[in-house]
Colleague: 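One structure is given below, represented as structure tokens, and several questions about it will come after.
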Amino acid sequence: MAQQLDQANDIDGATLVEIFRRSMRVYKTDERFRQMLMSGKLRLVYYPVRGQEVLSASMMSALNIDDYLVTTYRGVHDQVAKGIPLKDLWAEFTGKVTGTCKGKGGPMHITDPDTGVMVTTGIVGAGLPIANGLALASQQSGDGRVTVVSFGDGATNIGAFHEALNLASLWKLPVIFLCQNNRYAEHTAYSVGTSAKRIIDRAPGYSMEAVRVDGNNPIEMYNAAKAAVDRARAGEGPTLIEAMTYRMLGHTFGADFSYVPKELQEEAKANDPIPAFHQLLLDRGVAAEEIAAIEAAIDAELDAAVEHALASEYPGLEELRIDVLKEEIRA
Amino acid sequence: MAQQLDQANDIDGATLVEIFRRSMRVYKTDERFRQMLMSGKLRLVYYPVRGQEVLSASMMSALNIDDYLVTTYRGVHDQVAKGIPLKDLWAEFTGKVTGTCKGKGGPMHITDPDTGVMVTTGIVGAGLPIANGLALASQQSGDGRVTVVSFGDGATNIGAFHEALNLASLWKLPVIFLCQNNRYAEHTAYSVGTSAKRIIDRAPGYSMEAVRVDGNNPIEMYNAAKAAVDRARAGEGPTLIEAMTYRMLGHTFGADFSYVPKELQEEAKANDPIPAFHQLLLDRGVAAEEIAAIEAAIDAELDAAVEHALASEYPGLEELRIDVLKEEIRA
Amino acid sequence: MSTTDKISFAQAINQALDEAMGADPKVMVFGEDIADEQGGGVFKATKGLSGKYGTGRVRTTPIAEQAIMGAAVGAAIAGYRPVAEIMFMNFLTVCMDQLVNHAAKLRFMSGGKTWVPLTVRCTTGAGVGFGGQHSDMLEAWFAHVPGMKVVSASNPAEAKGLLLSAIEDDDPTLFIEDIMMYSQQGEAPAPGFKVPLGKARVRREGSDVSVITYGRPVRLMDEMAERLAGEGINVEVIDLRTIAPFDEETVLNSVAKTGRAVIVHEAIKSFGTGAEISSRIHEELFSDLKAPVQRIGSKYSPVPFSPPLEQAFLYSEDEVTTAIKRIMG
Amino acid sequence: MSTTDKISFAQAINQALDEAMGADPKVMVFGEDIADEQGGGVFKATKGLSGKYGTGRVRTTPIAEQAIMGAAVGAAIAGYRPVAEIMFMNFLTVCMDQLVNHAAKLRFMSGGKTWVPLTVRCTTGAGVGFGGQHSDMLEAWFAHVPGMKVVSASNPAEAKGLLLSAIEDDDPTLFIEDIMMYSQQGEAPAPGFKVPLGKARVRREGSDVSVITYGRPVRLMDEMAERLAGEGINVEVIDLRTIAPFDEETVLNSVAKTGRAVIVHEAIKSFGTGAEISSRIHEELFSDLKAPVQRIGSKYSPVPFSPPLEQAFLYSEDEVTTAIKRIMG
Ligand SMILES: Cc1ncc(C[n+]2csc(CCOP(=O)(O)OP(=O)(O)O)c2C)c(N)n1
Ligand SMILES: Cc1ncc(C[n+]2csc(CCOP(=O)(O)OP(=O)(O)O)c2C)c(N)n1
Ligand SMILES: [Mg+2]
Ligand SMILES: [Mg+2]
């Protein structure tokens with residue numbers, strides 16, 4: 001992949017390193033979650049993001065910290081790549097009061113406005129109309145923010161997708177529809193649920209700008225992301241990005257995925273974006289020490305985050321009556 | 001319109017006369033409703049179909065009586081063109097027990113399985129997923145029926161449209177999506193609500209066969225309808241027909257439609273499909289007497305229907321407890 | 001303000017929106033056909049607003065209720081105060097997810113980091129002849145959803161006052177309008193007049209029985225109380241105004257005094273809001289009650305089209321007076 | 001059948017679907033991931049069915065609940081008996097229109113010319129740690145909709161028996177499964193065993209108090225009754241099985257005997273199904289009651305993620321015994 005770089009579309013070294021840093025922050029977070037689940041130190045429903053790290057990292061690197069993100073249950077890569085503090089994330093995943101949402105939302109409902117993570121939804125497709133609303137707020141206030149909403153290939157078949165793309169186009173909203181096409185929706189292969197040959201074939205029905213890229217290629221992905229962000233920021237309206245990727249593990253941690261053809265798995269392993277990215281950096285002359293230092297910093301942050309989460313308290317039971325409405329509910 | 005007939009696509013005289021007969025049956029029914037509303041002899045929320053008569057008549061003439069139809073609140077043209085007995089229709093519109101639905105459904109909910117009128121819905125877009133189910137039943141049973149579902153241009157922006165087209169394409173259902181593009185959704189002009197330049201631009205997103213025709217031209221419309229019916233019946237799957245037409249009156253009877261540009265109204269009047277069709281028949285050598293006889297027969301049917309409806313009884317109050325569930329509800 | 005000024009319910013809504021938009025630039029309005037280019041709304045509730053505040057803040061939408069509600073939710077968490085018009089209450093069924101799974105839950109699920117100061121307006125009600133899909137009273141569904149409020153007014157002035165409060169409120173509120181009442185005239189309120197959420201109004205004091213209701217039946221109950229007074233029965237009429245969470249204090253104080261209660265609503269009786277109110281009264285005032293709490297609602301049936309059936313479907317004054325007389329012994 | 005045979009709840013569902021499909025070629029199953037190529041369903045409830053009956057009758061759908069429900073409604077009025085799987089109850093919020101405005105109303109609105117023999121299966125329940133959007137108990141909404149039935153089983157055998165009846169029933173039925181119960185083992189029923197809709201089951205007779213419940217809490221109430229028997233309190237436990245329309249006769253007979261009632265459900269208490277049941281009991285048995293009917297439900301809050309909060313959110317045995325002891329005086 002890195003071999004056939006189009007010079008015109010190349011990106012600078014610092015950006016590439018930043019994307020790598022974010023990719024590894026995702027990769028290691030995801031890995032640690034799975035390790036702890038495997039060892040029984042953690043018990044939760046977890047949606048792995050193995051294979052989709054570079055995609056998120058590239059997209060989020062094209063955003064500012066105060067740009068808005070809406071993501072899904074499978075959102076750890078997006079959240080971490082957007083810059084959410086790992087200790088707050090881990091504390092939320094473990095249901096602690098120190099978490100992003102005081103433990104009340106949990107993994108499927110991460111919100112962290114400080115890093116622009118506005119909504120994480122467990123309802124397929126539901127994030128898209130909400131992203132329009134965030135983008136509308138920016139359009140109206142002129143705050144210059146861009147909103148990115150992540151969703152899967154399967155989500156493109158639900159009504160909310162359709163309604164949201166239509167509205168975004170009509171109102172020229174500064175929103176980017178990031179379809180992470182990982183070829184499966186739960187256990188259902190792309191073509192069983194999706195009648196479009198490519199997701200971007202739906203864009204003309206909304207007169208919408210659309211692009212299909214290899215989401216696992218940081219340069220291709222970043223450039224597409226950057227172009228979409230620039231368009232949105234310039235008031236030129238929304239873009240649909242179909243980022244091709246692959247979900248290397250089952251739908252949820254521990255779930256059977258024997259329904260996936262062996263060859264597909266083999267091929268995906270051979271094209272694992274993480275080692276490829278590593279190699280790309282080396283090819284571009286980034287020193288192995290620099291890479292190691294990046295990884296070490298992440299490891300340290302992660303160790304601290306896990307420790308913090310495990311050491312934190314659960315929320316007090318009065319929290320059941322707080323944040324339901326603005327006024328506390330009477331006991 | 002009739003002037004530039006493409007010989008290859010022409011249709012036989014008998015079919016043309018049949019389409020005319022159905023058009024006039026719609027035209028006169030609609031006209032009578034409006035007359036009676038105007039004179040205060042009738043009080044109900046009525047959705048005029050003036051201008052869309054030929055479209056329905058052409059579509060329904062391509063169907064068998066036992067083919068299924070799903071339509072909307074603006075459905076009188078479809079129902080009448082499909083062949084529903086006028087006396088049953090009128091009795092339902094007036095809330096009488098002799099109506100298609102014993103007066104319990106009313107104008108927005110006409111059902112008459114004998115003529116294939118399976119569902120009339122008041123919820124925009126809701127008919128499309130249901131039509132899939134009817135078509136699925138036919139696919140599964142092999143009964144050879146085709147299902148047509150009518151809806152407006154505005155309906156193409158709601159989620160149900162999207163979900164239904166995707167499913168129909170994936171399952172190759174014998175269903176025809178008939179979009180009656182009358183350029184307005186209530187008071188909202190096409191381009192204010194619809195981001196697609198043409199509705200058919202949405203079809204590639206479902207890998208679906210699609211065609212855009214002048215719905216007011218009986219030959220063009222019938223040929224498109226026939227082709228879609230043949231495809232469906234042959235098991236080749238669904239078709240989206242975008243039939244261009246115009247809603248010559250307000251959204252509901254008596255509603256203000258000052259929001260419609262004068263020129264558009266003028267143009268539409270000049271292109272009124274009913275006089276044009278009349279002229280077409282004369283041009284094709286149909287005798288004025290034959291036309292007059294057709295109209296007289298419809299007038300007679302209509303007079304009888306109105307008389308029957310007005311003379312019929314309202315349902316007894318026990319009907320409130322009947323048809324709620326299969327078993328009668330206890331008083 | 002001269003108290004002889006009259007306004008219609010539709011005008012009251014329009015005035016509330018106008019005042020709210022004038023007072024707070026963060027108030028936006030979305031809905032089908034609502035801008036002036038589209039005639040200012042099917043019920044003219046938004047007429048003139050886009051002209052005055054621009055089509056940036058008053059937006060006609062496609063027919064896409066999920067898109068409307070989602071845009072409202074997103075704008076709300078980003079600091080706006082959207083008012084979303086979902087034309088008919090039954091159309092909430094195509095966007096329940098946005099309202100119930102998102103608007104009502106985001107404050108809690110985010111641990112208070114985001115909240116949704118959203119007002120959803122919709123109309124409904126039997127009696128117009130719309131039949132089964134445009135007439136349902138579904139307030140009980142939303143009352144059962146923690147994190148949101150449900151409001152319904154019984155007259156133009158309070159409609160305005162409640163809508164202003166709903167828009168100012170920092171939680172999502174469903175504001176239910178009655179299609180039969182749009183043209184109803186009532187006293188015009190003073191500018192800025194507000195009705196607090198969560199507070200019922202005792203419309204008439206009485207010592208024999210408390211009639212608890214909201215929305216359209218209120219006026220009928222006022223009239224009925226007047227008639228029954230002539231027969232020596234003193235009815236206390238309570239307009240809940242906020243259906244959920246409802247004003248338990250006012251309700252319980254009243255029934256503690258009268259010892260009898262009848263709850264009246266247009267929604268069908270089974271599993272309706274009256275069940276909760278009745279249960280609360282029984283739970284709290286069991287030994288004070290002189291008779292079981294009665295509920296009058298519409299019949300267990302979809303809303304029928306045929307006029308005599310539609311009338312028979314609806315609750316009636318007769319049923320209420322019969323119930324009152326029965327429990328008066 | 002040997003009574004020592006055990007099956008899980010998930011197996012019971014699977015068997016019911018298998019038997020129904022075997023008995024009636026008009027039974028079809030739709031849902032996400034349900035065919036064997038997709039692993040036979042996320043909870044394996046449909047495993048093996050597509051292999052046995054073909055992918056024409058057992059169809060994996062896109063993620064498009066309106067399409068699923070609509071296809072089921074259409075097929076139903078054309079003579080099929082579809083079973084639609086809506087994976088989680090909260091996802092009903094994206095297809096309420098099809099179920100509520102169409103499935104439940106078409107029989108009435110067509111004057112009986114069409115009807116919708118549809119079964120909708122879904123799962124839900126707090127306790128797994130899914131948080132706010134996958135755990136709600138929304139049965140009260142559907143109970144409030146004339147024209148449909150709502151069912152929930154408390155053990156594998158009855159789950160099978162109820163599901164078979166729901167599929168055979170000519171009206172739309174919502175069949176609610178509890179995610180915490182899928183692996184629960186229970187006695188295997190004889191082939192073809194059915195439980196009629198609309199009939200509650202008295203699980204244990206008692207003279208002091210009637211505990212009325214359904215679904216997951218039933219087992220806990222059985223155990224509690226056993227424990228309280230040790231303390232000399234005789235609890236009658238009633239499993240409604242059909243939540244709407246519920247078996248008033250069985251409930252009222254029981255409370256007429258005991259004079260006391262406690263209703264227990266997982267849904268939040270406010271405006272929940274318990275309110276209707278409580279109201280009905282008060283209305284019918286006011287003078288027989290020794291104490292006001294009590295309701296125990298979950299707290300007024302979205303379902304929280306954090307495990308201690310999730311537990312505190314849920315109804316508890318403690319709350320039930322406290323209520324019982326309170327009304328026993
Ligand atoms: C409305 C709705 N229907 C069904 C589900 C169950 N569900 C959760 S994830 C998922 C698959 C989504 O696939 P895709 O959009 O491709 O995203 P991916 O998981 O592959 O990232 C499904 C069906 C849901 N959460 N919401
Ligand atoms: C879900 C839903 N939203 C809104 C409405 C209100 N409504 C009724 S007709 C209509 C316009 C529909 O326009 P179109 O689809 O073009 O059909 P036409 O009336 O022009 O035939 C609207 C918005 C509705 N009935 N259902
Ligand atoms: Mg996917
Ligand atoms: Mg139209």
Colleague: Between A:Q79 and A:T120, is there a side-chain donor-acceptor contact under 3.5 Å, judged purely by atom types and distance?
Modeller: yes
Colleague: Mind ranking A:H109, A:Q140, A:M118, A:E327 by heavy-atom pairs under 4.5 Å with chain C and telling me who comes out on top?
Modeller: A:Q140
Colleague: Of the listed residues (C:P25, C:A78, C:C95), which shares the most heavy-atom pairs with chain A below a 4.5 Å separation?
Modeller: C:A78
Colleague: What I'd like to find out is whether the side chain of C:F246 reaches to under 4.5 Å of the side chain of C:I277, using heavy atoms alone.
Modeller: yes
Colleague: Run the side chain to side chain donor-acceptor pair (under 3.5 Å) check on A:Q180 and A:S150 step by step: do they pass?
Modeller: CA-CA 7 Å; A:Q180 305 195 9; A:S150 264; 3.0 Å; yes
Colleague: With ring centroids as reference points, do A:H162 and A:Y206 lie under 6.0 angstrom apart?
Modeller: yes
Colleague: Which answer fits A:L325, side chain, backbone, both or neither, if we ask what part of it has an atom under 4.5 Å from a heavy atom of chain C?
Modeller: both
Colleague: Looking at chain C, which one of A:G122, A:A164, A:P113 has the largest number of heavy-atom pairs inside 4.5 Å, strictly under?
Modeller: A:P113
Colleague: Distance alone, cut at 3.5 Å: any donor-acceptor contact between the side chains of A:T100 and A:D88?
Modeller: no
Colleague: Looking at C:R57, C:Q98, C:M148, which one has more heavy-atom pairs under 4.5 Å with chain A than the rest?
Modeller: C:Q98
Colleague: Does any backbone or side-chain atom of A:V119 lie under 4.5 Å from a heavy atom of chain C? Answer side chain, backbone, both or neither.
Modeller: side chain
Colleague: Once the angle between the rings of A:F33 and A:W90 is folded into 0 to 90°, is it parallel (under 30°), tilted (30 to 60°) or perpendicular (over 60°)?
Modeller: parallel
Colleague: Need one label for A:S141: side chain, backbone, both or neither, based on atoms under 4.5 Å from any heavy atom in chain C.
Modeller: both
Colleague: Is any side-chain heavy atom of A:M208 closer than 4.5 Å to one of A:T239?
Modeller: no
Colleague: Can you confirm whether A:T111 sits close enough to A:V117 that some side-chain heavy atom of one is under 4.5 Å from a side-chain heavy atom of the other?
Modeller: no
Colleague: Hey, are C:E248 and C:R280 close enough for a salt bridge, meaning a charged N less than 4.0 Å from a carboxylate O?
Modeller: yes
Colleague: Would you mind checking which part of C:M28 comes under 4.5 Å of any heavy atom in chain A, side chain (CB onward), backbone (N, CA, C, O), both or neither?
Modeller: side chain
Colleague: Side chain, backbone, both or neither: which part of A:I110 has a non-hydrogen atom closer than 4.5 Å to chain C?
Modeller: neither
Colleague: Classify the side-chain pair A:D112/A:T115 by whether it contains a donor and acceptor separated by less than 3.5 Å.
Modeller: yes
Colleague: As an exercise: rank A:I322, A:L128, A:T121, A:N132 by heavy-atom pairs under 4.5 Å with chain C and give me the winner.
Modeller: A:T121
Colleague: Which bit of C:K105 comes within less than 4.5 Å of chain A, counting heavy atoms only: side chain, backbone, both or neither?
Modeller: neither
Colleague: Select one option (side chain, backbone, both, neither) describing which atoms of C:T60 are under 4.5 Å from chain A's heavy atoms.
Modeller: backbone
Colleague: Determine the option with the most heavy-atom pairs under 4.5 angstrom with chain C, choosing from A:A168, A:G99, A:A137.
Modeller: A:A137
Colleague: Side chain, backbone, both or neither: which part of A:E319 has an atom under 4.5 Å from a heavy atom of chain C?
Modeller: backbone
Colleague: Measure C:P82 against the heavy atoms of chain A and call it side chain, backbone, both or neither at under 4.5 Å.
Modeller: neither
